[in-house]
Amino acid sequence: MTGRVHPLDDLGLAVPLGPAPVRRVVSLVPSLTEALAATAPGLLVGATDWCSHPADLAVPRIGGTKNPDVARIVALAPDLVLANDEENRRPDLDALRAAGLPVWVTDIRTLDQALHSLHRLLTLGCGLPRPAWLDAAGSAWAAVRPPSGPPRRAVVPIWRRPWMVLGRDTFAGDLLGRLGVRLLHADHPDRYPAVPLPDLLAAGPELAVLPDEPYRFTADDGPEAFPGVPAALVSGRHLTWYGPSLVEAPAVLADQLARTLRQ
């Protein structure tokens with residue numbers, strides 16, 4: 001096992017794994033929780049309050065992604081903690097490292113990065129064989145062919161009060177681009193810019209894509225803000241999670257978008 005002692009995470013930081021196999025893992029990221037549960041469920045000994053998949057996951061909860069209970073995590077004595085540079089706060093991760101816990105941080109902004117990152121985390125970080133679902137996810141997305149015609153110019157809100165949208169360099173934006181959707185704010189300096197609603201409407205969107213997370217847009221909360229613009233209510237898990245959900249994500253998202261545009 002000596003070859004696994006100091007692999008690098010997505011940030012290029014050495015993860016000081018011990019010589020023994022990883023047997024106890026705490027995940028601070030819902031999509032990584034699902035990925036590990038689908039690959040080696042016996043390794044998980046802790047997850048966040050937001051880790052909703054699989055539905056029957058029965059492990060201690062350690063708080064939220066932004067406010068994990070560091071002391072509780074340390075008490076669980078994990079061999080490895082899984083985190084994400086966007087979802088988790090660096091002071092929390094530094095506190096876990098200071099307590100002597102190895103922390104593996106992912107940094108994922110495209111589909112290709114997701115597939116590569118998951119492979120490295122599961123095989124190098126957790127010492128597991130490459131899972132079949134990861135190959136299935138790659139194949140599912142490789143088979144995607146965007147709809148005919150020019151891409152639909154879209155706004156993709158992720159929050160309201162204030163309105164925030166997908167901007168540049170996001171995983172969800174990359175998935176939507178593969179499905180024939182062009183983000184109107186893809187060139188914005190910020191990744192998740194706050195844009196007043198009048199400015200969103202003035203940009204002339206041909207489509208509004210409204211996921212059900214992190215803000216839970218519904219048929220009664222969201223579409224009314226974009227009069228005359230088709231509004232697609234889509235699965236936030238399939239749009240923003242990187243893990244086993246990627247296998248069915250292209251079919252789920254393509255269907256949700258197509259049903260809206262047919263109306």
Side-chain angles (χ1 to χ4, degrees), residues 30-31 52-53 86-87 108-115 137-243 245-263:
S31 55
S52 58
H53 288 74
E86 182 174 84
E87 291 202 46
I108 295 173
R109 305 188 182 195
T110 68
L111 173 65
D112 291 341
Q113 284 181 344
L115 298 175
S139 297
W141 280 98
V144 168
R145 298 295 179 267
S148 59
R152 296 280 184 152
R153 297 180 298 109
V155 294
V156 188
I158 57 168
W159 204 258
R160 67 183 302 177
R161 307 181 190 95
W163 287 93
M164 298 178 68
V165 299
L166 292 184
R168 64 169 180 85
D169 196 22
T170 66
F171 174 71
D174 185 50
L175 295 194
L176 288 171
R178 295 167 184 266
L179 297 171
V181 175
R182 181 172 70 84
L183 272 60
L184 280 173
H185 298 87
D187 295 326
H188 196 283
D190 298 329
R191 297 182 66 210
Y192 303 101
V195 183
L197 182 59
D199 293 347
L200 295 181
L201 298 174
E206 299 173 310
L207 176 68
V209 179
L210 306 175
D212 59 11
E213 63 175 77
Y215 185 92
R216 186 172 182 79
F217 289 104
T218 67
D220 299 320
D221 185 359
E224 80 290 342
F226 300 91
V229 178
L233 296 167
V234 302
S235 166
R237 173 170 164 262
H238 291 96
L239 181 61
T240 64
W241 288 31
Y242 32 86
S245 59
L246 285 171
V247 177
E248 58 185 18
V252 170
L253 294 172
D255 178 66
Q256 291 172 331
L257 293 169
R259 281 191 281 115
T260 298
L261 294 173
R262 284 197 300 266
Q263 294 175 359

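Predicted model only: the values in this text are computed from it and were never measured. This chain uses plain numbering: 1 for the first residue, then up along the sequence.
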Please report the shortest heavy-atom distance between [X] and [Y], naming the atom on each side.
{"X": "Pro214", "Y": "Ile158", "value": "CG-O, 3.4 Å"}
{"X": "Pro250", "Y": "Val144", "value": "CB-CG2, 3.5 Å"}
{"X": "Ala232", "Y": "Leu257", "value": "CB-CD2, 3.9 Å"}
{"X": "Ala114", "Y": "Phe171", "value": "CB-CE1, 3.7 Å"}
{"X": "Pro223", "Y": "Ala231", "value": "CB-CB, 3.9 Å"}
{"X": "Val234", "Y": "Gln256", "value": "CA-OE1, 3.2 Å"}

Determine whether the aromatic ring centres of Phe226 and Trp163 lie less than 6.0 Å apart.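 Phe226 vs Trp163: aromatic centres under 6.0 Å.
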
Compare all side-chain heavy atoms of [X] with those of [Y] and state whether any distance is below 4.5 angstrom.
{"X": "Arg161", "Y": "Tyr215", "value": "yes"}
{"X": "Val156", "Y": "Thr170", "value": "no"}
{"X": "His53", "Y": "Trp241", "value": "yes"}
{"X": "Val155", "Y": "His185", "value": "yes"}

Could you tell me whether the side chain of [X] and the main chain of [Y] form a donor-acceptor pair under 3.5 Å?
{"X": "Arg168", "Y": "Pro189", "value": "yes"}
{"X": "Glu206", "Y": "Arg152", "value": "no"}
{"X": "Trp141", "Y": "Leu246", "value": "yes"}
{"X": "Gln113", "Y": "Leu111", "value": "no"}
{"X": "Asp212", "Y": "Gly236", "value": "yes"}

[X] [atom1] to [Y] [atom2] distance, which is reported to the nearest 0.5 Å:
{"X": "Thr260", "Y": "Leu233", "atom1": "OG1", "atom2": "CG", "result": "6.5 Å"}
{"X": "Thr240", "Y": "Ile108", "atom1": "OG1", "atom2": "CD1", "result": "11.5 Å"}
{"X": "Leu207", "Y": "Leu183", "atom1": "CG", "atom2": "CG", "result": "10.0 Å"}
{"X": "Leu166", "Y": "Leu239", "atom1": "CG", "atom2": "CG", "result": "6.5 Å"}
{"X": "His238", "Y": "Asp255", "atom1": "NE2", "atom2": "CG", "result": "11.5 Å"}

Under 6.0 Å from the CZ atom of Arg216, do we count more than 12 heavy atoms belonging to anything else shown? no

